[in-house]
Protein chains: 2
Amino acid sequence: MPYKEKEITKLYYSIGEVAKMFDVSTSLIRFWESEFDILKPKKNKKGDRFFTKKDVDNLHLIFHLVKERGYTLKGAQKKLKENKDDTVNHFEVVQQLKKIRGFLEDVRSGL
Amino acid sequence: MPYKEKEITKLYYSIGEVAKMFDVSTSLIRFWESEFDILKPKKNKKGDRFFTKKDVDNLHLIFHLVKERGYTLKGAQKKLKENKDDTVNHFEVVQQLKKIRGFLEDVRSGL
DNA sequence: GCTTCCCATGCCTTACAAGGAAAAGGAAAT
DNA sequence: ATTTCCTTTTCCTTGTAAGGCATGGGAAGC
C-alpha cells in the first residue's frame with residue numbers, strides 16, 4: 001500500500017513562499033538578503049534561492065525588529081549581532097532576576 | 001556680602017545649550033520637536049525656546065533610541081508611548097515572572 | 001557687529017517597488 | 001511524444017517616495 005513519505009519536514013522554501021509567510025514582496029526579501037549578512041540562502045545554477053528553516057527564523061527576527069518594533073536596518077543589524085552572543089538579553093534577564101531575588105528576600109524576612 | 005544665589009539649579013536651557021549637550025545641530029533639535037509630541041519647550045514672544053530639565057531628559061531618551069539604538073523616528077515615538085504607560089515593559093516582566101513561577105513549581109515538586 | 005534665534009527650502013540617503021527578461025511547468029493540439 | 005502557447009515564478013536593474021536632517025537668509029538682542 002502506498003503511503004506518503006514525502007513532506008514530513010520541508011527542507012527548503014522558495015522566495016515566493018517565504019514572502020507570503022510574512023506578507024511582503026519578494027523584492028523586499030531579496031533586499032533584506034543584500035542588507036543582512038545573517039541571510040545566506042542556497043542558490044542553484046540559475047540563481048533561484050532556497051531558504052532553510054533557519055533562514056526563515058532569521059527573517060522572522062528581522063521582520064519583527066524592522067516592521068513591528070520600528071528599527072532602522074542598521075539598528076536591526078546591530079541588534080542581531082548583539083543577540084548573537086546573547087550579551088544583552090542575558091544582561092537584562094540578570095537584572096530582572098536580581099530584582100526578583102531582592103523581592104523574595106523581602107518575602108522571606110516577612111515570614 | 002554678595003553671594004551668588006543664582007544657578008543653583010538651572011530652570012531653562014536654550015536650544016544652543018541643549019544642542020551642545022548632545023553634540024547635534026540646533027536644527028535637529030527643532031526637527032525633533034516637530035516630530036515628538038513629548039517635546040514642548042516654552043517659548044517667549046520672539047519665539048525663543050526654553051527647555052526644562054524634563055525636556056532635556058526626554059531628549060536624552062530620544063537621542064538614545066534614535067542615535068544609539070537605531071530606531072526610526074516612528075519606532076522611537078511608539079516606544080516612548082509604550083513606556084509612558086508602562087504596558088509593554090510590564091508585559092515582558094510578567095512573561096519572565098510566569099516562566100520563573102513555572103521553574104519554582106518544578107523546584108518545589110522536586111523536594 | 002557678533003551671536004543666537006527663527007523658518008523655509010534644499011538635498012542626500014533609506015528602504016523599498018516596479019519593470020522587464022529568462023526559465024520552468026503544464027495543457028492543448030498535432 | 002513533441003511542439004506551441006500560456007501562465008507562473010524567478011532573477012536583476014533601475015526608479016522613486018518618504019525619511020532625516022543641513023544649509024541659507026534674515027531678524028532680534030547684547
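Chain A is the first sequence line, chain B the second, and so forth, proteins listed ahead of strands; every chain is numbered from 1.
The CD1-P distance, from A/Ile15 to C/dC16, rounds to 14 Å in whole Å. Counting to the nearest Å, the P atom of D/dT9 and the NZ atom of A/Lys43 are 20 Å from each other. The CD1-C1' distance, from A/Ile29 to C/dA18, rounds to 17 Å in whole Å. Distance B/Glu17 CD to C/dC5 C1': 13 Å, rounded to the nearest Å. Distance NZ (B/Lys45) to P (D/dA28): 14 Å, rounded to an integer number of Å. Put simply, CD on B/Gln77 is 12 Å from C1' on D/dG19, counting in whole angstrom units. Computed from coordinates, the A/Glu33 CD to C/dC16 P distance equals 15 Å when rounded to whole Å. The nearest whole Å value for the distance from the CD1 atom in B/Ile62 to the P atom in D/dG20 is 13 Å.
Candidate nucleotides C/dC5, C/dC16, D/dG20 were compared by shortest atom distance to the side chain of B/Leu73, and D/dG20 ranks first. Each of D/dT10, C/dA17, D/dT23 was ranked by its minimum atom distance to the side chain of B/Ser27; first place goes to D/dT23. Checking C/dA17, D/dC11, D/dC21 against the side-chain heavy atoms of A/Leu28 singles out C/dA17 as nearest. Counting only heavy atoms from C-beta on, B/Phe31 has its side chain closest to D/dC21 among D/dC21, C/dT14, C/dC16.
Across all strands, A/Lys67 comes closer than 4.0 Å only to sugar-phosphate atoms, never to a base (heavy-atom distances).
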Test log, rule side chain to side chain contact (heavy atoms under 4.5 Å, CB included), inputs B/Leu65 and B/Phe63: CA-CA 6 Å; B/Leu65 292 175; B/Phe63 183 84; over 6 Å; no
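Residue B/Lys74 places at least one side-chain N or O under 4.0 Å from the OP1 or OP2 atom of D/dG19. Under 4.0 angstrom from either OP1 or OP2 of C/dC7 there lies at least one side-chain N or O belonging to B/Arg49. A close approach under 4.0 Å does occur between a side-chain nitrogen or oxygen of A/Arg30 and OP1 or OP2 of D/dC11. Dashed line: the shortest gap from a side-chain N or O of A/Ser25 to OP1 or OP2 of C/dA17 is under 4.0 Å. In this structure, A/Trp32 reaches the C/dC16 phosphate: one of its side-chain N or O atoms is under 4.0 Å from OP1 or OP2. In this model, the phosphate group of D/dT10 is approached by a side-chain N or O of A/Ser14 to a distance below 4.0 Å at OP1 or OP2.
Taking all atoms of both residues into account, the shortest heavy-atom contact from B/Tyr13 to B/Glu17 is CA-OE1, 3.2 Å. Residues B/Ile15 and B/Thr26 come closest through the heavy atom pair CD1-O, 3.6 Å. The shortest heavy-atom contact between B/Asp55 and B/Lys40 is OD1-N, 3.9 Å.
Across the interface with DNA chain C, nearest-nucleotide mapping of A/Asp48 and A/Glu35 shows A/Glu35 to be the residue nearer the 5′ end.
Using a 4.0 Å cut-off between charged nitrogen and carboxylate oxygen, B/Glu35 and B/Lys74 do not count as a salt-bridge pair.
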